[in-house]
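Scroll down for the structure; my scribbles are underneath it.
Counting starts at 1 for both ligands and their atoms, following the listed order. Hydrogens, waters and symmetry mates are skipped; everything else that's a heavy atom, side chains included, is used.
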Amino acid sequence: MAASSTTSIDRLKIQLEDVEVVFDVGTSVITALESYSLDIAEGEFVAVLGPSGCGKSTSLNLLAGFDHASAGNVLVNGNPIVKPGPERGVVFQNANLLPWLSVWENIVFGPKVKGLSEKQYRARAEELISLVKLDGFEKHLPGQLSGGMQQRASIARALINDPDVLLMDEPFGALDAQTRISMQELLLRIWEDDKRTVMFITHDIDEALLLADRVVIMTGRPGRIREEISVDFDRPRTYQVTSSPEFQQLKQHALGLLHD
Ligand code: ADP
């Protein structure tokens with residue numbers, strides 16, 4: 001376990017270079033991000049932590065292609081991001097499943113839109129359903145599932161496109177405490193299996209420190225990066241790590257930065 005302000009970046013996957021985002025809201029402008037620079041290496045799990053309204057979602061939306069920088073560069077694999085793409089999977093706080101489609105149809109929606117045949121996606125879809133523990137619920141409609149199950153389906157829906165990058169915006173924010181912990185542990189198992197590049201937005205310190213390799217702490221608006229903390233707890237991790245003295249020490253450090 002160690003805290004440091006920099007992490008060595010081997011293979012850059014995500015680059016946000018001196019980004020500024022200004023929203024024109026008619027009578028005034030809101031500067032959501034200013035001088036915002038963040039690199040994420042291939043296979044790295046980075047959590048972005050900060051107070052409400054500091055620009056966390058905006059930073060993720062830039063990478064998703066939903067928002068656009070007023071200045072600076074937003075690059076994935078060295079390419080500027082201009083619009084959403086299947087190589088960047090997004091999971092939101094609300095599962096956003098199509099309510100009239102079954103779990104199965106929601107999960108295979110992406111490959112179908114791409115024109116793949118069932119033969120091409122069936123095995124992977126079955127594998128993912130099993131991975132997110134939804135076996136037997138393939139024919140259910142989203143409305144027949146709990147919040148946690150819906151969110152598990154939305155993770156499978158993102159993973160079926162085999163994205164280079166997984167962008168997760170408070171994906172467990174709407175879940176009760178117990179479900180949240182089991183989702184965090186499930187995400188740890190999924191991530192530790194294939195180490196996809198992840199940017200994970202949260203305002204929950206425990207969640208950030210439990211999941212990530214590095215936690216980026218933002219200032220209040222306009223959002224800038226306050227400090228980056230390396231989180232070196234052994235993997236595979238379980239929720240038990242949160243009760244270790246090292247974890248509590250790092251948490252106090254992060255709390256101090258957030259409340260400063
Ligand atoms: P966070 O995710 O940290 O809560 P956001 O990125 O959602 O913060 O928002 C940062 C700031 O930018 C907030 O003040 C928010 O009101 C503003 N903002 C975000 N999106 C828009 C938008 N589309 N139009 C105008 N203001 C926006």
Side-chain angles (χ1 to χ4, degrees), residues 14-40 44-76 80-85 88-96 147 151 154-155 158 163 165-175 177 180 183-184 187 197-229 231 251 253-260:
I14 289 174
Q15 292 163 275
L16 292 155
E17 295 174 338
D18 209 8
V19 168
E20 181 179 273
V21 175
V22 178
F23 291 111
D24 189 342
V25 286
T27 50
S28 63
V29 293
I30 293 174
T31 304
L33 295 176
E34 196 174 73
S35 308
Y36 187 94
S37 296
L38 174 65
D39 290 338
I40 302 181
E44 195 181 15
F45 193 128
V46 170
V48 179
L49 190 64
S52 187
C54 74
K56 300 184 296 298
S57 294
T58 302
S59 66
L60 181 138
N61 288 341
L62 290 170
L63 292 162
F66 303 145
D67 280 339
H68 299 284
S70 317
N73 297 313
V74 179
L75 308 168
V76 173
I81 297 304
V82 287
K83 58 177 188 183
R88 283 159 285 135
V90 187
V91 180
F92 299 100
Q93 181 166 346
N94 296 315
N96 287 333
Q151 207 48 299
S154 90
I155 291 172
V165 170
L166 204 51
L167 304 168
M168 308 187 85
D169 193 351
E170 302 221 27
F172 311 142
L175 304 176
R180 192 174 178 134
M183 291 295 292
Q184 289 163 347
L187 180 62
T197 309
V198 178
M199 184 195 209
F200 188 102
I201 304 294
T202 182
H203 59 251
D204 180 326
I205 301 179
D206 289 272
E207 181 167 79
L209 294 173
L210 169 65
L211 298 174
D213 294 320
R214 185 158 50 109
V215 176
V216 172
I217 298 193
M218 291 181 66
T219 62
R221 214 179 74 209
R224 291 163 178 260
I225 291 178
R226 173 81 205 269
E227 190 170 313
E228 299 182 21
I229 302 175
V231 186
K251 182 176 173 177
H253 177 66
L255 265 173
L257 291 167
L258 283 170
H259 289 160
D260 213 355

Would you check if Leu49 and Leu209 make a side-chain contact, meaning some heavy-atom pair closer than 4.5 Å? no
Is atom 27 (C) of ligand 1 in close reach of the protein, with a heavy atom under 4.0 Å away? yes
For atom 8 (O) of ligand 1, find the nearest protein heavy atom and state the residue, atom name and distance (0.1 Å precision). Gly55 N, 3.2 Å
Check whether any N or O atom of Phe23, backbone or side chain, sits under 3.5 Å from an N or O atom of ligand 1, and answer yes or no. no
Side chains of Phe23 and Asp67: closer than 4.5 Å at any heavy-atom pair? yes
Using a 4.0 Å heavy-atom threshold (strictly under), name the region of Arg221 that reaches ligand 1: side chain, backbone, both or neither. side chain
Given that the side chain starts at C-beta and the backbone is N, CA, C, O, which of these parts of Val25 lies under 4.0 Å from ligand 1, counting heavy atoms, or is it both or neither? side chain
Nearest non-hydrogen protein atom to atom 12 (O) of ligand 1, with distance, is Ala32 CB, 3.5 Å
Going through the checks in order, is the side-chain contact (heavy atoms from CB on, under 4.5 Å) test met by Ile14 and Leu38? CA-CA 8 Å; Ile14 289 174; Leu38 174 65; 5.9 Å; no
Has Asp204 got a side-chain atom pairing as donor or acceptor with Asp206's backbone, closer than 3.5 angstrom? yes
Atom 6 (O) of ligand 1: nearest protein contact (heavy atom, Å): Thr58 OG1, 2.5 Å
List ligand 1 atoms under 4.0 Å from Lys56, heavy atoms only on the residue side. 1 (P), 2 (O), 3 (O), 4 (O), 6 (O), 8 (O)
In terms of the angle between their ring planes, are Phe92 and Phe66 parallel, tilted or perpendicular, with boundaries placed at 30° and 60°? parallel
Considering only non-hydrogen protein atoms, determine which one is nearest to atom 16 (O) of ligand 1 and report residue, atom name and distance to 0.1 Å. Ile30 CD1, 4.6 Å
Nearest 0.5 angstrom please: Leu257 CG to Glu228 CD, how far? 12.0 Å
Numbered atoms of ligand 1 (with element) below 4.0 Å of Ser52, judged on heavy atoms: 4 (O)
Donor-acceptor under 3.5 Å (Glu44 side chain, Asp213 main chain): no
Quick check against the 3.5 Å criterion: does Lys56 have a side-chain atom that pairs as donor or acceptor with the backbone of Phe200? no
Among Leu33, Leu258, Ile201, which residue meets the side chain to side chain contact (heavy atoms under 4.5 Å, CB included) test with Met218? Leu33
Sub-4.0 Å heavy-atom contact, Gly50 with ligand 1: no
Heavy-atom contacts with Pro51 under 4.0 Å: which atoms of ligand 1 show up? List them by number with element. 3 (O)
With a 4.0 Å cut-off on heavy atoms, is Gly223 touching ligand 1? no
Nearest protein heavy-atom contact for atom 10 (C) of ligand 1: which residue, which atom, what distance? Gly53 O, 3.4 Å
Counting heavy atoms under 4.0 Å, the part of Ser59 that contacts ligand 1 is neither
Under 4.0 Å from a heavy atom of Cys54: which atoms of ligand 1 are those, numbered in the order shown and with their elements? 1 (P), 3 (O), 8 (O)
Enter the distance from Leu16:CG to Met199:CE here, rounded to the nearest 0.5 Å. 6.0 Å
Tell me, which protein residue and heavy-atom name are nearest atom 7 (O) of ligand 1, and how many Å apart are they? Ser57 CB, 3.7 Å
Please confirm whether the backbone N or O of Val165 pairs with a side-chain atom of Arg88, one donor and one acceptor, at under 3.5 Å? no
